[in-house]
Engineer: 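First the structure, then my questions, so here it is.
Values below: all heavy atoms of this structure, side chains included; hydrogens, waters and symmetry mates excluded. Keep in mind the model is a prediction, meaning the values are calculated, not measured.
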Amino acid sequence: GYGYQIAKFKQIDKLIENFSVRYPQFDLENYKNALFYPGKKGDELASLYLKKFQAINDEKYEAASIIKRKILDLETTV
């Protein structure tokens, strides 16, 4: 039920918090926020964050920087 979902969200929040402290470059808190952003813009933001994570993981920092700029552009548009 509803209580179970809240407990799962708390577990996810704890995981994100722990992971973010160790790996702040992955912006997991922003990814989580993108997941709850309504509509197509939220889907696009979440997708861009995943691409950024992958670029960082693959040490493709120039690509990660380009993706970060796309994220910022999308976040600042209404």
Side-chain angles (χ1 to χ4, degrees):
Y2 188 67
Y4 177 78
Q5 289 178 336
I6 290 173
K8 287 296 177 187
F9 280 125
K10 286 182 180 181
Q11 287 177 331
I12 291 169
D13 282 342
K14 182 76 171 163
L15 176 68
I16 287 172
E17 180 181 322
N18 289 337
F19 198 86
S20 293
V21 168
R22 199 162 176 191
Y23 305 101
Q25 70 272 26
F26 288 108
D27 292 331
L28 286 176
E29 188 66 35
N30 289 332
Y31 173 69
K32 182 185 82 170
N33 292 338
L35 290 174
F36 293 102
Y37 197 94
K40 191 173 181 178
K41 185 174 179 178
D43 293 341
E44 189 172 351
L45 281 169
S47 175
L48 286 170
Y49 274 109
L50 288 176
K51 289 176 183 177
K52 181 182 163 212
F53 300 160
Q54 188 62 51
I56 292 170
N57 189 58
D58 294 342
E59 297 181 0
K60 296 179 179 177
Y61 301 115
E62 186 175 335
S65 178
I66 292 168
I67 294 166
K68 182 177 180 178
R69 277 185 257 139
K70 289 179 182 179
I71 290 169
L72 292 173
D73 287 345
L74 190 58
E75 287 177 336
T76 58
T77 59
V78 178

Engineer: Side-chain heavy atoms under 4.5 angstrom apart, residues restricted to Ile, Leu, Val, Met, Phe, Trp, Tyr: same cluster for Leu74 and Leu35?
Structural biologist: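 Yes, Leu74 connects to Leu35 through the hydrophobic network.
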Engineer: Please enumerate all residues that pass side-chain hydrogen bond (donor to acceptor under 3.5 Å, both in side chains) together with Gln11, with sequence neighbours excluded.
Structural biologist: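 So Gln11 forms a side-chain hydrogen bond (donor to acceptor under 3.5 Å, both in side chains) with Lys8.
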Engineer: Is Tyr23 linked to Tyr31 within one hydrophobic cluster, defined over Ile, Leu, Val, Met, Phe, Trp and Tyr using a side-chain heavy-atom separation of less than 4.5 Å?
Structural biologist: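 Yes; Tyr31 is reachable from Tyr23 via cluster members.
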Engineer: Enter the distance from Leu28:CG to Asn33:CG here, rounded to the nearest 0.5 Å.
Structural biologist: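 Output value for this atom pair is 11.0 Å.
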Engineer: Applying the 4.5 Å side-chain criterion to the ILVMFWY set and letting contacts propagate, would Phe36 and Leu15 be lumped into a single cluster?
Structural biologist: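 No, because Phe36 and Leu15 fall into different hydrophobic clusters, even though each may have its own neighbours under 4.5 Å.
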Engineer: Out of curiosity, Lys60 NZ to Ile67 CD1, how far, rounded to the nearest 0.5 Å?
Structural biologist: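 These two atoms lie 10.0 Å from each other.
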Engineer: Any Lys/Arg nitrogen of Lys41 or Glu44 sitting under 4.0 Å from an Asp/Glu carboxylate oxygen of the other?
Structural biologist: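 The answer is no: the pair does not qualify as a salt bridge.
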Engineer: Could you pull out all donor-acceptor pairs under 3.5 Å where a side-chain atom in residues 45-57 meets a protein atom, sequence neighbours excluded?
Structural biologist:
residue : atom : partner : partner atom : Å
Tyr49   : OH   : Glu75   : OE2          : 2.9
Lys52   : NZ   : Asp27   : OD2          : 2.2
Gln54   : NE2  : Asp58   : OD1          : 3.0
Gln54   : NE2  : Asp58   : OD2          : 3.1

Engineer: Just how far is it from atom CG of Asp13 to atom CG of Asn18, taken to the nearest 0.5 Å?
Structural biologist: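 Reported value, rounded in 0.5 Å steps: 11.0 Å.
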